[in-house]
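Here it is: the structure, laid out below.
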Amino acid sequence: MTSYKSDFLRTMSARGYIHQCSNEEELDAKAAKGEITAYVGFDCTAKSLHVGNLLGIMMLRKLQQSGLKPIVLIGGGTTKVGDPSGKDETRQLLSDEQIEANKQSIRKVFERFLTFGDGPSDALMLDNADWLLKLNYVDFLRDYGRHFTLNRMLTFESVKQRLDREQPLTFLEFNYMIFQAYDFLELYRQTGCNLQMGGSDQWGNIINGIELGRRVEGAELYALTTALLTTSSGAKMGKTAKGAVWLNEDMLSPYDYWQFWRNTEDADVGRFLRLFTELPLDEIERLEKLEGAELNEAKKILATEACKMAHGEEKAADAAETARKTFEQGHMAEGLPTVEIGAGELDNGLGLLTALVKAGLAGSNGEARRHIRGGAVKVNDEKIDDEKALLHGDDISNEGIIKLSLGKKRHVLLKIV
RNA sequence: GGAGGAGUGCCCGAGUGGUUAAAGGGGACGGGCUGUAAACCCGUUGGCUAUGCCUACGUUGGUUCAAAUCCAACCUCCUCCA
């Protein structure tokens, strides 16, 4: 189908979000009439969501912009079970306190992307712990368990994969899909939610929910999935030196977040601009046509726009400016990630190894040592090849700062306090 | 419950008494080339107060001058049988 009636599907399609969609025409018709409420589920396995979750968040944002109602479903309950999709091994179970802390921390992110409230298209945030934890095992099995056949569950990719690879799949995890299906049903009952969106790996789980909704409530529910996000070279998105690319500022600085987008591969620039910025499409078309080094301009715009959404306009501009000073002028820029060091520590000279570890540029003295041997370390832009080097008071700049660099890209300022 | 097989570093995977901090690959990181890209080439990839010491091959014990390697028990997974 090429021409959609609804704003929502038209944007989603034009920007390249859609991978699969159930009952497209009906969904489109309902969206056009404003009769769609959609949700995306997020598990709280970490203190912050990461770039991999960004597509889901963006979809909810687009939905809201089209005048429809988005629901953020926090998986307080399902996190206790653990989604087996895409994982080889059983996930470590988190304690209730951890889950609760993660939940609180994750909530903050959504406020940047969505408007919450009670209005017709204001976003809602719900937690499936509210209903999953109350379920009675036997009643649940009788009422809902009978709608699921093992024959079908066993054909699911997530299940098959584990079995094929001879990896254990616990009964606990096996139930995840049932809970997710039930979530959809519950949301339909509570809020009239009739669309679930997610990554393509969620397709099966979503369809389960649709089926359950139809059988139990005769509800007409829909699914919409996006392609799993990978870079053109096939790597999974969102992993960098330090691990995941977090959306929370206290987990990853806006500067590093900006850098992540700045380092996008050429081939991904257009696609990412469409998915992760809100620039007009004709502007994006112009940008992605840039060739060679000029494409870097497009990457900067991508970085700034993406950063703006996650961290706000001001932080994004700062990050862009810091990057410009650091890379284009080679100056000591103030906006780089900063680590504070007590003035006293320099009195007898602070070992460079220790300093690198404190700055988070190396995980251990040994790693720091290897980096120095490899010629990767600079202090105040001077290459250091002595592992035993000490930092002294006279390394401090006028601004009270020592700049440590690892490679060309990673810089940390030691601030003397 | 019975029989057989398996559990190795971030991941995959070789190794069946010493020369093993453990081949090879992937990933990641660093260097080179470049455009803060990709591809490619090179290097690094347990920790430490470091010519030595400690920790590590599912867990716990044992044999031995010496164990990832042999033995015992246990745990977990897989396959076949009941």
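By convention in this document, chain letters (A, B, ...) are assigned in the order of the sequence lines, proteins followed by strands, and residues within each chain are numbered from 1. Hydrogens, waters and symmetry mates play no part in the numbers below; they use all other heavy atoms, side chains included.
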Complement of B:C33, any strand, by Watson-Crick or G-U distances under 3.5 angstrom: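 Result: none.
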Heavy atoms only, 4.0 Å cut-off, all strands: where does A:Gly407 land among base, sugar-phosphate and nothing?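 Answer is sugar-phosphate: A:Gly407 comes under 4.0 Å of backbone atoms only.
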What integer distance in Å separates A:Leu295:CG from B:U36:C1'?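 For the pair A:Leu295 CG and B:U36 C1', the rounded distance is 13 Å.
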Side chain of A:Arg369 (C-beta onward), nearest among B:U49, B:G35, B:G30: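 The listed nucleotide nearest to A:Arg369's side chain is B:U49.
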B:G35 base / A:Asp266 side chain donor-acceptor hit below 3.5 Å: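 Answer is yes: a donor-acceptor pair is held.
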Please round to the nearest 0.5 Å and tell me the distance separating atom OH of A:Tyr182 and atom CZ of A:Arg189.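 So the OH of A:Tyr182 and the CZ of A:Arg189 are separated by 5.5 Å.
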Using the P atoms only, state how far B:A82 lies from B:C71, rounded to an integer number of Å.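 It comes out at 31 Å once rounded to the nearest Å.
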Looking only at side-chain N and O atoms, does A:Thr264 come under 4.0 Å of OP1 or OP2 in B:A37?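 No, because none of the side-chain N or O atoms of A:Thr264 sits under 4.0 Å from OP1 or OP2 of B:A37.
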Nearest whole angstrom, please: distance from the P of B:A37 to the CG of A:Leu302.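 To the nearest whole Å, that distance equals 15 Å.
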Whole-angstrom distance between B:G1 and B:C70, as gauged at atom C1':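 So the two C1' atoms sit 29 Å from each other.
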If B:G1 has a Watson-Crick or G-U wobble mate with both distances under 3.5 Å, name it; if not, just say none.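 Pairing partner, where one exists within any strand: B:C81.
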A:Leu281 versus A:Ala14, closest heavy-atom pair with distance: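 Result for this residue pair: CD1-CB, 3.7 Å.
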Would you mind pulling out the nucleotide paired to B:A50, Watson-Crick or G-U wobble, both distances under 3.5 Å?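 Partner of B:A50: none found under 3.5 Å.
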Answer with yes or no whether the side chains of A:Glu278 and A:Gln65 bring together a donor and an acceptor at under 3.5 Å.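 Yes, because at least one side-chain N or O of A:Gln65 sits under 3.5 Å from a partner of the opposite role on A:Glu278.
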For a quick test of reading the model: is some side-chain N or O of A:Lys409 closer than 4.0 Å to OP1 or OP2 of B:A37?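 Yes, A:Lys409 has a side-chain N/O under 4.0 Å of OP1/OP2 on B:A37.
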Would you say B:G35 has OP1 or OP2 under 4.0 Å from some side-chain N or O of A:Asn263?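 Checking B:G35 against A:Asn263, no side-chain N or O comes under 4.0 Å of OP1 or OP2.
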From CD of A:Glu387 over to P of B:U51, roughly how many Å is that when rounded to an integer?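 After rounding, the gap between these two atoms is 12 Å.
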Atom CZ of A:Arg262 and atom P of B:A37: how far apart are they, to the nearest Å?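 Rounded to whole Å, this separation is 8 Å.
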May I ask you to verify whether the side chain of A:Lys300 and the base of B:U36 hold a donor-acceptor pair under 3.5 Å?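 Under the 3.5 Å cut-off, the side chain and the base do not form any donor-acceptor pair.
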Without decimals, in angstroms, what is the distance between A:Glu367 CD and B:G47 P?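 Distance, rounded to whole Å: 7 Å.
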On RNA chain B, compare the nucleotides closest to A:Gly374 and A:Asn365; which residue's is nearer the 5' end?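 Its nearest nucleotide lies further toward 5', so the answer is A:Gly374.
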Say you draw a straight line from CD1 of A:Ile18 to CG of A:Leu224; how long is it, rounded to the nearest 0.5 Å?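 Interatomic distance, A:Ile18 CD1 to A:Leu224 CG, rounded to 0.5 Å: 5.5 Å.
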Will you find, in the side chains of A:Asn248 and A:Ser105, an N or O donor that is under 3.5 Å from an N or O acceptor?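 On atom types as modelled, these side chains qualify, holding a pair under 3.5 Å.
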Pair partner, B:A28 [Watson-Crick or wobble, under 3.5 Å]: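 Pair assignment: B:A28 / B:U44.
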Quiz question: going by heavy-atom distance under 3.5 Å, is there a donor-acceptor pair between the base of B:U36 and the side chain of A:Glu328?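 A donor-acceptor contact between them is absent.
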On a heavy-atom basis, which atom in A:Asp122 and which in A:Phe116 lie closest, and how many Å separate them?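 Reported closest heavy-atom pair: CB-C, 4.0 Å.
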In the strands shown, is B:G7 matched to any nucleotide by a Watson-Crick or G-U wobble pair with both distances under 3.5 Å, and which?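 B:C75 is the nucleotide pairing with B:G7.
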Polar atom pairs between nucleotides 21-24 of chain B and protein, under 3.5 Å, N or O only, would you list them?
none

Identify which nucleotide among B:C33, B:U49, B:G30 has an atom closest to any side-chain atom of A:Ala376, counting heavy atoms from C-beta outward.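 Among B:C33, B:U49, B:G30, the one nearest the side chain of A:Ala376 is B:G30.
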Separation of the C1' atoms in B:U8 and B:U20, to the nearest angstrom: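 B:U8 and B:U20 have their C1' atoms separated by 12 Å.
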Which residue lies toward the 5' end of RNA chain B, A:Gly375 or A:Gly366, if each is placed at its nearest nucleotide?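 Its nearest nucleotide being more 5', the pick is A:Gly375.
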Mind telling me whether A:Tyr257 and A:Trp261 have parallel, tilted or perpendicular rings, with 30° and 60° as the class edges?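 Perpendicular.
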For the P atoms, the ones on B:G24 and on B:U45, what distance do you get once it is rounded to whole angstrom?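 So the two P atoms sit 12 Å from each other.
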Expressed as a whole number of Å, how far does the C1' atom of B:G13 sit from that of B:C65?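 To the nearest whole Å, 32 Å.
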A:Glu265 CD - B:U36 C1' separation (whole Å):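 Going from A:Glu265 (CD) to B:U36 (C1'), I get 14 Å.
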Give the rounded distance in Å between these two atoms: CG of A:Leu287 and P of B:G35.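 Atom-to-atom, A:Leu287 to B:G35, this comes out as 20 Å.
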Separation between the C1' atoms of B:C10 and B:A21, rounded to whole Å: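 These two C1' atoms come out 16 Å apart once rounded.
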Between A:Arg370 and A:Glu367, does any side-chain N to carboxylate O distance fall below 4.0 Å?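 Result for this pair is no, no salt bridge flagged.
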Under 4.0 Å between any heavy atoms, over every strand shown, what does A:Gln259 touch: base, sugar-phosphate, or nothing? Just pick one.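 Base contact - A:Gln259 has a heavy atom under 4.0 Å of at least one base atom.
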In whole Å, what separates the C1' atom of B:G26 from that of B:U44?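 Comparing C1' positions in B:G26 and B:U44 gives a spacing of 15 Å.
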Between A:Tyr255 (OH) and B:U36 (P), how many Å, whole number?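 In whole Å, B:U36 P and A:Tyr255 OH are 12 Å from each other.
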Just checking, any donor-acceptor pair under 3.5 angstrom between side chains of A:Asp28 and A:Ser6?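 Present: a donor and an acceptor within the cut-off.
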For B:C65, the Watson-Crick or wobble partner whose two distances fall under 3.5 Å: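 Result: B:G18.
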Hey, does the side chain of A:Arg370 come within less than 4.0 Å of B:G47's phosphate (OP1/OP2), counting only N and O?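 It does, given that an N or O in the side chain of A:Arg370 lies less than 4.0 Å from OP1 or OP2 of B:G47.
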Shortest non-hydrogen separation from A:Gln64 to A:Ala123 and the atoms involved: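 Smallest interatomic distance, heavy atoms only, reads NE2-N, 3.4 Å.
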B:A6 and B:C12, which share atom name C1', separated by this distance in whole Å: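 It works out to 15 Å between them.
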